[in-house]
Amino acid sequence: MQALITAGYLVYAVNPRQAARFKERYGTSGAKSDRGDAHALADMVRIDRDQLRPIAGDSGQAQAVHVVARAQVTDRAERADTSAGRAGERAYSHAPGR
């Protein structure tokens, strides 16, 4: 979503219940399909744009927080993998018959 906003697209938040009611109101099929849903959402934005809220992009500070948080999660996962590997090596080296 952030990439679309950065590229200059206007992105709207659509509540799933709003989308379902729109489909009922305009008589589109209740069948689920990505193509049909995309057309219904495009029509919804075209017809009911004044009732939808555009999504603002993240500020530079919010993007920085995302980067730091992702780095911390990755670092923790790598440390957990490394410690699990070391524990496995120790268990293997102390196994009976070794």
Side-chain angles (χ1 to χ4, degrees):
M1 184 173 57
Q2 187 63 37
L4 291 171
I5 293 169
T6 302
Y9 289 95
L10 193 55
V11 179
Y12 289 92
V14 177
N15 182 309
R17 195 169 285 167
Q18 280 179 300
R21 287 189 183 135
F22 178 85
K23 289 172 79 173
E24 288 172 7
R25 190 172 73 198
Y26 285 95
T28 59
S29 164
K32 293 199 176 251
S33 77
D34 289 342
R35 187 176 184 154
D37 288 347
H39 282 286
L41 288 171
D43 285 343
M44 184 177 182
V45 170
R46 186 175 52 79
I47 295 169
D48 293 338
R49 181 175 299 167
D50 59 327
Q51 297 176 19
L52 299 173
R53 180 179 55 89
I55 296 175
D58 287 341
S59 67
Q61 187 176 16
Q63 288 178 357
V65 168
H66 287 297
V67 169
V68 170
R70 190 173 305 125
Q72 287 178 338
V73 168
T74 302
D75 184 49
R76 285 186 194 136
E78 287 173 355
R79 276 195 257 146
D81 288 346
T82 302
S83 357
R86 286 187 198 138
E89 290 170 6
R90 284 192 299 266
Y92 181 77
S93 65
H94 295 326
R98 291 266 163 215

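Position 1 is the first residue of the sequence, and the numbers go up from there. Note that the structure is a prediction, hence the values are computed from the model and not measured.
Sorted by first and then second residue, the side chain to side chain donor-acceptor pair (under 3.5 Å) pairs involving residues 68-77 (not counting sequence neighbours) are Asp75-Arg79.
A salt bridge links Arg25 with Asp48: the distance from a Lys NZ or Arg NE/NH1/NH2 to an Asp or Glu carboxylate oxygen falls below 4.0 Å.
Rounded to the nearest 0.5 angstrom, Gln18 CD and Gln51 CD are separated by 7.5 Å.
In this view, Arg17 satisfies the side-chain hydrogen bond (donor to acceptor under 3.5 Å, both in side chains) rule with no residue, not counting sequence neighbours. Listed by chain and number, the residues in a side-chain hydrogen bond (donor to acceptor under 3.5 Å, both in side chains) with Asp34 amount to none (sequence neighbours excluded). Residues satisfying the salt bridge (charged side-chain N to carboxylate O under 4.0 Å, His left out) test with Arg35, not counting sequence neighbours, are none. Residues that satisfy the side chain to side chain contact (heavy atoms under 4.5 Å, CB included) test with Val65, not counting sequence neighbours, are absent from this structure. Residues forming a side-chain hydrogen bond (donor to acceptor under 3.5 Å, both in side chains) with His66 (at least two apart in sequence, or on another chain): Asp58. Under the rule for a side chain to side chain contact (heavy atoms under 4.5 Å, CB included), the partners of Arg53 that lie at least two apart in sequence or sit in another chain are Ala13. Listed by chain and number, the residues in a side chain to side chain contact (heavy atoms under 4.5 Å, CB included) with Ile5 are Met1, Val11, Ile55 (sequence neighbours excluded).
Residues Phe22 and Ile47 form a side-chain contact, since some pair of their non-hydrogen atoms from C-beta on lies under 4.5 Å apart.
Shown here for Ala40 and Lys23, the closest heavy-atom pair between the two residues is CB-CG, 3.8 Å.
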